[in-house]
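Heads up: the structure comes next, in structure tokens.
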Amino acid sequence: MKLLRRQFLHLAAGAAALPAVSRLAHGQTYPSRPVRIVVPFAPAGPNDIIARVLAPWLSERLGQPFIIENRPGGATNVGTEAVVNAAPDGYTVLLVSSPHAINATLYDKLHFNFMRDIAPVAAIMRIPNVMVVAPTFPARSVPDFISYAKSNPGKLNFASSGIGASNHMSGELFKILTGIEMAHVPYRSSGPALTDLFAGPVQVMFDAITSTIEHIKADRLCPLAVTSAPRSALIPDTPLMSDFVPGYDVSNWFGLGMPSHTPPEIIDRLNGAVNEGLADPKLKARFADLGGTTLPASPAHFGQLIADETERWGRVIRMAHIKQE
């Protein structure tokens, strides 16, 4: 893993290795035809929405259509493999997100190695999870929840949208850092998990703010904490998890990647266009409406984020003995 990490960061920094004149000359001709953004999830989820918010900006800025192609399946692995096997010419782009860092350890027999086979291009944004309970649950704060859990061992269940999902990893990290017992109940998606949270079979969930905000506003869910700084503008009175659980910091992050060996000048060109978009007030406001914060970064810095997250979630998966069923 350490060798692959070094190779991945070297790949991410490759754009800086070519002479600036060479990068500029090659980058100015890209793109000359439509670009496909592969979203390895079904339509209507956060990954799909983020890609569809960004694509029109890229189309306008770079003069060619950026077309969304949803390739769900295998917890991102189906769509990711399609991009890994695509030509490294800049015309097939992957919507990269937190599950890619998690899957690197969770799955033993993938047909690709993410940090070897995907070049980081640009980060887009972060969206926090929110620890939520039903209004009938007796705890109204994180300390109260921890006390309740320790007084009622074996009686709490936490829901997720599937083994290895961000909301699953958030719950496992909470268990590790607080020392409480909770049983994990995986669902096929957040929708049915939230339904059972309303009804009572599960008592808590650490789901993305994009999935929970309408339920919070309608008083169907009670937010106990936001999982990463800063406080969310959508629920500004909700405290940070780190206020009560030192070292806890979890967010869903999103970005773009391309097949390894894509020319660095193409990566630079797309990175620049994304970062210009993240500075645009109108586009920035649309991302803020999704409950997150923009994340402008160089390819190297985005590669560092992916490498750090891969290492971090690998430790959690091993400590919690998580296995993909």
Side-chain angles (χ1 to χ4, degrees), residues 1-13 39-41 45-47 50 74-77 79-80 83-84 94-108 110 112-129 160-177 206-210 226-230 240-242 245 247-258 260 271 274 292-320 322 324:
M1 179 63 77
K2 289 184 178 180
L3 177 60
L4 287 171
R5 177 188 173 95
R6 288 197 297 270
Q7 291 172 338
F8 182 70
L9 295 177
H10 178 73
L11 179 66
V39 177
F41 290 91
N47 290 264
I50 288 167
T76 75
N77 294 326
T80 301
V83 176
V84 166
L94 179 67
L95 198 289
V96 179
S97 58
S98 307
H100 289 104
I102 296 166
N103 290 351
T105 302
L106 186 62
Y107 288 84
D108 293 329
L110 293 174
F112 60 88
N113 182 291
F114 188 83
M115 292 203 298
R116 180 192 65 205
D117 297 330
I118 293 293
V121 174
I124 301 172
M125 69 180 303
R126 292 180 184 269
I127 296 176
N129 288 337
S160 81
S161 56
I163 295 173
S166 171
N167 44 31
H168 175 204
M169 294 293 101
S170 296
E172 295 291 352
L173 182 61
F174 186 78
K175 288 169 57 180
I176 290 170
L177 294 180
F206 302 76
D207 207 13
I209 195 168
T210 47
V226 175
T227 61
S228 65
L240 299 178
M241 182 72 79
S242 58
V245 184
Y248 193 103
D249 184 12
V250 177
S251 60
N252 305 280
W253 46 266
F254 306 85
L256 299 179
M258 288 180 176
S260 61
N271 175 270
V274 171
T293 54
T294 54
L295 194 62
S298 67
H301 285 138
F302 184 40
Q304 185 69 59
L305 169 66
I306 297 171
D308 290 345
E309 288 282 284
T310 299
E311 185 174 309
R312 175 196 193 194
W313 291 122
R315 290 196 301 269
V316 171
I317 289 168
R318 289 186 290 269
M319 289 179 67
I322 299 169
Q324 181 61 46

Which atoms form the tightest heavy-atom contact between Q324 and I163, and what is the distance?
OE1-O, 3.5 Å

Within the side chain of S98, is there an N or O that forms a donor-acceptor pair under 3.5 Å with the backbone of W253?
yes

What is the minimum heavy-atom distance between N271 and V121, and which atoms define it?
ND2-O, 2.9 Å

Minimal heavy-atom distance between M169 and I102, with the atoms involved, is CG-CD1, 3.5 Å

Hey, are the side chains of I209 and V226 touching, using non-hydrogen atoms and a 4.5 Å cut-off?
no

Taking side-chain hydrogen bond (donor to acceptor under 3.5 Å, both in side chains) as the criterion, tell me which of T227, N252, T210 meets it with N129.
N252

Heavy-atom nearest pair, V96 first then G257, reads CG2-N, 3.5 Å

Taking all heavy atoms of A75 and all of Y107, pick out the closest pair and write down the distance.
CB-OH, 3.4 Å

Apply the test side-chain contact (heavy atoms from CB on, under 4.5 Å) to residues R315 and I176: give CA-CA distance (whole Å), side-chain angles for both, the deciding distance (0.1 Å), then the verdict.
CA-CA 11 Å; R315 290 196 301 269; I176 290 170; over 6 Å; no

Test W313 against L173 for side-chain contact (heavy atoms from CB on, under 4.5 Å), laying out the working first.
CA-CA 9 Å; W313 291 122; L173 182 61; 4.2 Å; yes

Apply the test side-chain contact (heavy atoms from CB on, under 4.5 Å) to residues I127 and I50: give CA-CA distance (whole Å), side-chain angles for both, the deciding distance (0.1 Å), then the verdict.
CA-CA 11 Å; I127 296 176; I50 288 167; 4.1 Å; yes

Using the test side chain to side chain contact (heavy atoms under 4.5 Å, CB included), find all partners of A229 that sit at least two apart in sequence or belong to another chain.
L240

Starting at CE of M125, measure out to CG of L295 and round the result to the nearest 0.5 Å.
9.5 Å

Residues in salt bridge (charged side-chain N to carboxylate O under 4.0 Å, His left out) with R312, at least two apart?
E309

Note: R126 and S251 closest approach over all heavy atoms is NH1-OG, 2.9 Å

Side chain to side chain contact (heavy atoms under 4.5 Å, CB included) filter on S298, not counting sequence neighbours, yields A300, H301

What orientation do F206 and F174 show, parallel under 30°, tilted 30 to 60°, or perpendicular over 60°?
tilted

Test of understanding: with side chain to side chain contact (heavy atoms under 4.5 Å, CB included), list the residues that count as partners of S161, not counting sequence neighbours.
A165, N167, S190

Who passes side-chain hydrogen bond (donor to acceptor under 3.5 Å, both in side chains) against S97, sequence neighbours left out?
N47

What verdict does the side-chain contact (heavy atoms from CB on, under 4.5 Å) test give for L94 and F114, after you've listed the backbone C-alpha separation in whole Å, the side-chain angles of each residue and the deciding distance to 0.1 Å?
CA-CA 11 Å; L94 179 67; F114 188 83; 3.9 Å; yes

Mind checking what makes side chain to side chain contact (heavy atoms under 4.5 Å, CB included) contact with T76, not counting sequence neighbours?
P40, F41, T80, P99, H100, N103

Please report the interatomic distance CD1(I317) to CD(E172), rounded to the nearest 0.5 Å.
9.5 Å

